[in-house]
Amino acid sequence: MSGGVALQAFLSGLALGAAYGLIAMGFSLVYRLTSVIAFAHGDLVVGGVFIGVLVVLGSTPVAAALDLVHSVWLAVLVVAAGAALSAGVYLVAVRPFLPGVGHRSTRGDVLGWVAGGLAAGLLIREVLGLVFTQDAYAVPDPLRLGSLTPSGVLQLPGGETVAVRTLGVIGIGLAVGILVERLLVLTPVGTAMKAVSEDPTAAALLGLPVRRLVLVAFVVAGALAGLAGLLISPDRSLGVDDGVVLGLKAMAAALLGGLGSVRGALAGGLALGVIESFVVASSVLGPHYADVVPLAILLIVLALGRRGLRSALREDPE
């Protein structure tokens, strides 16, 4: 692999990984407060995109250029739909099975929230499938990142090119991911969430609205999923079932960075995206292994334990 191709693969991987990282941050945020794996989270990405597309473009989307008003409208709708779907999943499919939300001594009805999450994801896919009946759709770019230069591409050393949109996705993904992580650290809401994650009983005794904070966590996770959909969908054809694989990849990223660590989830997403991109660019493996390698990483990290690779590298594992 030449230097130019390697740089192209690296930048493409960072863009892909930025989207994975945003989804993974939602996984980790929800898990940190509830000890629940959000099994429907990948479907929120696809669900948010298709709901926004349905409202703005109808049920036959094509990757046509949008004017500024429709671009803003679509972007807002996708993020809002992701947040609303996530809140709905929590209220209907998760909360009823968590009598002590986030309590470390009891996780409520584990089988209930697992089944509830899986059923919610299946319901989202089935309802979308009633409207969007084709296997895949071309989704326009509401962020209009490809129009930043006349050609839409930039020249790299070695004669290779990279889409301007790729650089825009990297910038937006990293900026939003870092901003959310900092807000969770520096704001009163973030401090309250940290208190709930460490000891929900003590947090409740101190008067913190534990269930409301958990709902906020789900809303933030859903909004991040919707934004990830905006970043990733214009670069590929999107089908209503694609949320399953996206969710598994984001779960791998969250586990790779240490499940429960929001910062680690973003880093894990970037690492996973770069690995996948180099697999696609490799002459040995190629595009057919694009989904295989990330899922293999998921299995390996699961085998190493919940804290992923960090537990294997520690000298004094818990």
Side-chain angles (χ1 to χ4, degrees), residues 6-30 32 41-42 44-45 48-49 71 75-76 78-79 82-83 141-149 152-154 156 161-187 190 193 217 219-236 246-247 249-281 294 297 308-310:
L7 179 58
Q8 184 184 51
F10 178 72
L11 292 174
S12 298
L14 286 180
L16 188 62
Y20 290 164
L22 292 178
I23 309 171
M25 288 175 70
F27 266 115
S28 285
L29 180 59
V30 167
R32 191 166 74 178
H41 203 58
L44 303 182
V45 180
V49 171
S71 295
V76 171
V78 170
V79 174
D141 180 11
L143 301 180
R144 308 171 76 185
L145 298 177
S147 61
L148 298 180
T149 64
V153 298
L154 293 175
L156 295 176
T161 61
V162 63
V164 175
R165 188 179 194 283
T166 297
L167 303 180
V169 168
I170 295 171
I172 292 175
L174 289 178
V176 173
I178 293 171
L179 175 63
V180 170
E181 191 274 336
R182 288 290 86 195
L183 289 175
L184 290 173
V185 171
L186 300 175
T187 64
M193 286 184 177
V219 170
V220 171
L224 290 174
L227 177 60
L230 286 176
L231 296 179
I232 202 171
S233 57
D235 289 330
R236 57 196 295 172
L246 286 173
K249 290 181 179 181
M251 188 183 298
L255 288 165
L256 193 62
L259 189 57
S261 170
V262 176
R263 182 186 304 176
L266 181 59
L270 294 172
L272 189 67
V274 171
I275 292 171
E276 181 178 331
S277 184
F278 273 97
V279 167
V280 171
I297 292 174
L309 297 179
R310 295 194 305 175

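Numbers for residues simply follow the sequence, beginning at 1.
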Measure across G260 and S28 and return the closest heavy-atom pair with its distance rounded to 0.1 Å. N-OG, 3.4 Å
Does L22 have any side-chain contact (heavy atoms from CB on, under 4.5 Å) partners at least two apart in sequence or in another chain, and if so, which? M25, V176, L224, L227, A228, L231
Taking all non-hydrogen atoms of both residues into account, name the closest pair between G222 and L44 and its distance. CA-CD1, 4.3 Å
Donor-acceptor pairs are to be reported for all side-chain atoms of residues 263-273 against protein atoms at under 3.5 Å, with residues two or more places apart or in another chain.
{"residue": "R263", "atom": "NE", "partner": "E181", "partner atom": "OE2", "Å": "3.4"}
{"residue": "R263", "atom": "NH2", "partner": "E181", "partner atom": "OE2", "Å": "3.2"}

So which atom in G173 and which in A18 form the shortest heavy-atom distance, rounded to 0.1 Å? CA-CB, 4.0 Å
Specify the closest pair of heavy atoms between A250 and I23, including all atoms of both residues, with the distance to one decimal. CB-CG2, 3.4 Å
From I170 CD1 over to L16 CG, what is the distance, rounded to the nearest 0.5 angstrom? 10.5 Å
Straight-line distance of L230 CG to I172 CD1, nearest 0.5 Å: 9.0 Å
One pair to check against side-chain contact (heavy atoms from CB on, under 4.5 Å): V220 and L184. What are the steps and the verdict? CA-CA 11 Å; V220 171; L184 290 173; 5.8 Å; no
Test of understanding: with side-chain contact (heavy atoms from CB on, under 4.5 Å), list the residues that count as partners of V280, not counting sequence neighbours. P287, A290
Show the nearest heavy-atom pair for residues S12 and S277, with the distance to one decimal. CB-OG, 3.7 Å
Minimum heavy-atom distance between A221 and G26, given as atom pair plus value: CB-CA, 3.5 Å
Non-neighbouring partners of V49 that pass side-chain contact (heavy atoms from CB on, under 4.5 Å), sequence neighbours left out: V53, V78, V139, S233, L238
All ring-ring contact (aromatic ring centres under 6.0 Å, His included) counterparts of F27, not counting sequence neighbours: H41
Taking only residues two or more places apart in sequence, or in another chain, which ones meet V162 in a side-chain contact (heavy atoms from CB on, under 4.5 Å)? L11, L154, L156, T166
